[in-house]
2 protein chains.
Amino acid sequence: MASDILDATFAALADPTRRAILARLAEGEATVMELAAPFAMSQPGVSKHLRVLERAGLISRGRDAQRRPCRLEATRLKTAMDWLADYRSYWEESYQRLDDLLGELEADKSGTGEREAL
Amino acid sequence: MASDILDATFAALADPTRRAILARLAEGEATVMELAAPFAMSQPGVSKHLRVLERAGLISRGRDAQRRPCRLEATRLKTAMDWLADYRSYWEESYQRLDDLLGELEADKSGTGEREAL
DNA sequence: CAGTTCTATAACTAGATGGTTTTATACGTG
DNA sequence: CACGTATAAAACCATCTAGTTATAGAACTG
């Protein structure tokens with residue numbers, strides 16, 4: 001299956017530095033130096049994070065003289081979200097249970113056993 | 001921020017065994033033995049995965065005699081999806097670019113420079 | 001060509017991860 | 001109480017990870 005893709009995608013997202021890099025790239029292309037600037041981290045450290053993101057397919061890189069501008073590639077984010085979306089009913093179910101509970105409390109308070117329409 | 005939560009959640013999801021466990025729990029509660037059955041893995045191995053899922057808040061555990069039934073807790077999945085949803089426009093943008101390109105090609109073919117309404 | 005800038009690679013370290021086997025704990029049953 | 005079952009904990013191992021520093025390569029600049 002696409003299990004390897006999900007492995008790499010979720011693993012890449014499991015690091016705050018890499019998520020911050022993606023957030024920065026959401027504003028547009030950036031070079032390695034630009035991406036490294038906000039972090040108290042060496043340039044090779046950032047380059048390693050970029051390699052992880054690239055291998056996960058979350059970014060791509062161009063060429064501009066010495067620079068290797070990075071660009072966000074969002075389709076793997078969609079793949080991850082599609083996986084999560086399969087569970088949407090389970091957290092909505094939690095809200096439903098809470099809603100049901102609140103409804104029961106309201107019914108008890110009114111003493112009629114009738115529930116108002118939502 | 002909730003950065004630690006996202007770290008733990010995405011890290012927990014970055015393993016196919018753990019994702020399979022969540023998929024199983026989507027069908028209802030299950031004991032450790034039941035969860036371990038499909039995998040060519042020792043029981044302590046599965047217990048370790050369950051500990052990772054529990055620390056990430058993705059499952060909770062009850063008590064039934066010797067058994068510790070596991071239950072899916074979906075709210076952290078929602079948290080992860082909410083993070084991903086912030087990027088939705090970027091993958092939709094890709095479709096938009098593709099759509100624009102196809103539109104241009106169609107316009108070129110017709111030779112009028114006018115685009116048909118979608 | 002010499003120097004500077006941008007990035008990648010190599011070599012290393014500390015700590016996390018994913019797995020194992022073995023052992024301990026807790027509970028139910030005869 | 002003794003035994004079986006369900007689970008956790010401990011100890012260990014191999015591998016991966018995230019970081020470092022130092023070095024090398026590639027491209028511009030004077």
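Residue numbering restarts at 1 for every chain, and letters A, B, ... go by the order of the sequence lines.
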Query raised in the report: Would you say a side-chain N or O of A:R18 is under 4.0 Å from OP1 or OP2 of D:dA18?
Result: yes

Query raised in the report: What integer distance in Å separates A:L53:CG from D:dA18:C1'?
Result: 13 Å

Query raised in the report: If you round to the nearest 0.5 Å, how far is CG of A:L53 from CD1 of A:I59?
Result: 5.0 Å

Requested in this report: Using atom CZ of B:R51 as one end and atom P of C:dG18 as the other, report the distance to the nearest whole Å.
Outcome: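 Roughly 11 Å, once rounded to whole Å.
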
Query raised in the report: Where the side chain of B:V32 is defined as all heavy atoms beyond and including C-beta, which of C:dG18, D:dA6, D:dA8 is the nearest nucleotide?
Result: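 The answer is D:dA8.
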
Requested in this report: Check the distance between C:dC6's P and A:E34's CD and give it to me in whole angstrom.
Outcome: 9 Å

Report summary line: A correct 5'-to-3' footprint of nucleotides 19-30 of chain D, with B, S and - meaning base, sugar-phosphate only and no protein heavy atom under 4.0 Å, is BBBB----BS--

Report task. For C:dC6, take OP1 and OP2 only and decide whether either is under 4.0 Å from a side-chain N or O of A:R68. Result ->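 No, because none of the side-chain N or O atoms of A:R68 sits under 4.0 Å from OP1 or OP2 of C:dC6.
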
Requested in this report: Answer with yes or no whether the hydrophobic clustering places A:F39 together with A:L50; edges join I, L, V, M, F, W, Y residues whose side-chain heavy atoms lie under 4.5 Å apart.
Outcome: yes

Query raised in the report: Within a strict 4.5 Å, meaning less than it, do heavy atoms of the B:Y90 and A:L77 side chains meet?
Result: no

Query - Protein-nucleotide distance (B:R55, atom CZ; D:dA9, atom C1'), rounded to Å - result: 14 Å

Report task. Please state whether the phosphate of C:dA8, meaning OP1 or OP2, lies under 4.0 angstrom from any side-chain nitrogen or oxygen of A:S47. Result ->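 It does, given that an N or O in the side chain of A:S47 lies less than 4.0 Å from OP1 or OP2 of C:dA8.
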
Query raised in the report: What integer distance in Å separates A:R61:CZ from C:dC6:P?
Result: 15 Å

Query raised in the report: At their closest point, which heavy atom of B:A8 faces which heavy atom of B:A56, and how far apart are they?
Result: O-CB, 3.6 Å

Query raised in the report: Where each residue is assigned the nucleotide of DNA chain C containing its nearest heavy atom, which of B:A11 and A:M33 is assigned the position nearer the 5′ end?
Result: A:M33

Requested in this report: Would you mind listing every salt bridge (Lys or Arg N to Asp or Glu O under 4.0 Å) that reaches into residues 37-50 of chain B, with sequence neighbours excluded?
Outcome: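 For residues 37-50 of chain B: none.
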
Query raised in the report: Could you state the CG-P distance from B:L50 to D:dA9, rounded to the nearest angstrom?
Result: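 Computing the B:L50:CG to D:dA9:P distance gives 12 Å.
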
Query raised in the report: Per the side-chain hydrogen bond (donor to acceptor under 3.5 Å, both in side chains) rule, which among A:R71, A:R61, A:R67 passes with A:E29?
Result: A:R71

Query raised in the report: For B:I21 and D:dT7, what is the distance between atoms CD1 and P respectively, to the nearest whole Å?
Result: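 Spelled out: CD1 on B:I21 to P on D:dT7 is 13 Å.
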
**Report entry** Rounded distance in Å - CG (A:D7) to C1' (D:dT17)
**Finding:**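 It is 15 Å, rounded to the nearest whole Å.
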
Please list, one pair per line, the donor and acceptor atoms closer than 3.5 Å that link side chains of residues 79-88 of chain A to other protein atoms, with sequence neighbours excluded.
{"residue": "A:T79", "atom": "OG1", "partner": "A:T75", "partner atom": "O", "Å": "3.2"}
{"residue": "A:D82", "atom": "OD1", "partner": "A:K78", "partner atom": "NZ", "Å": "3.4"}
{"residue": "A:D82", "atom": "OD2", "partner": "A:K78", "partner atom": "NZ", "Å": "3.1"}
{"residue": "A:Y87", "atom": "OH", "partner": "B:A23", "partner atom": "N", "Å": "3.3"}

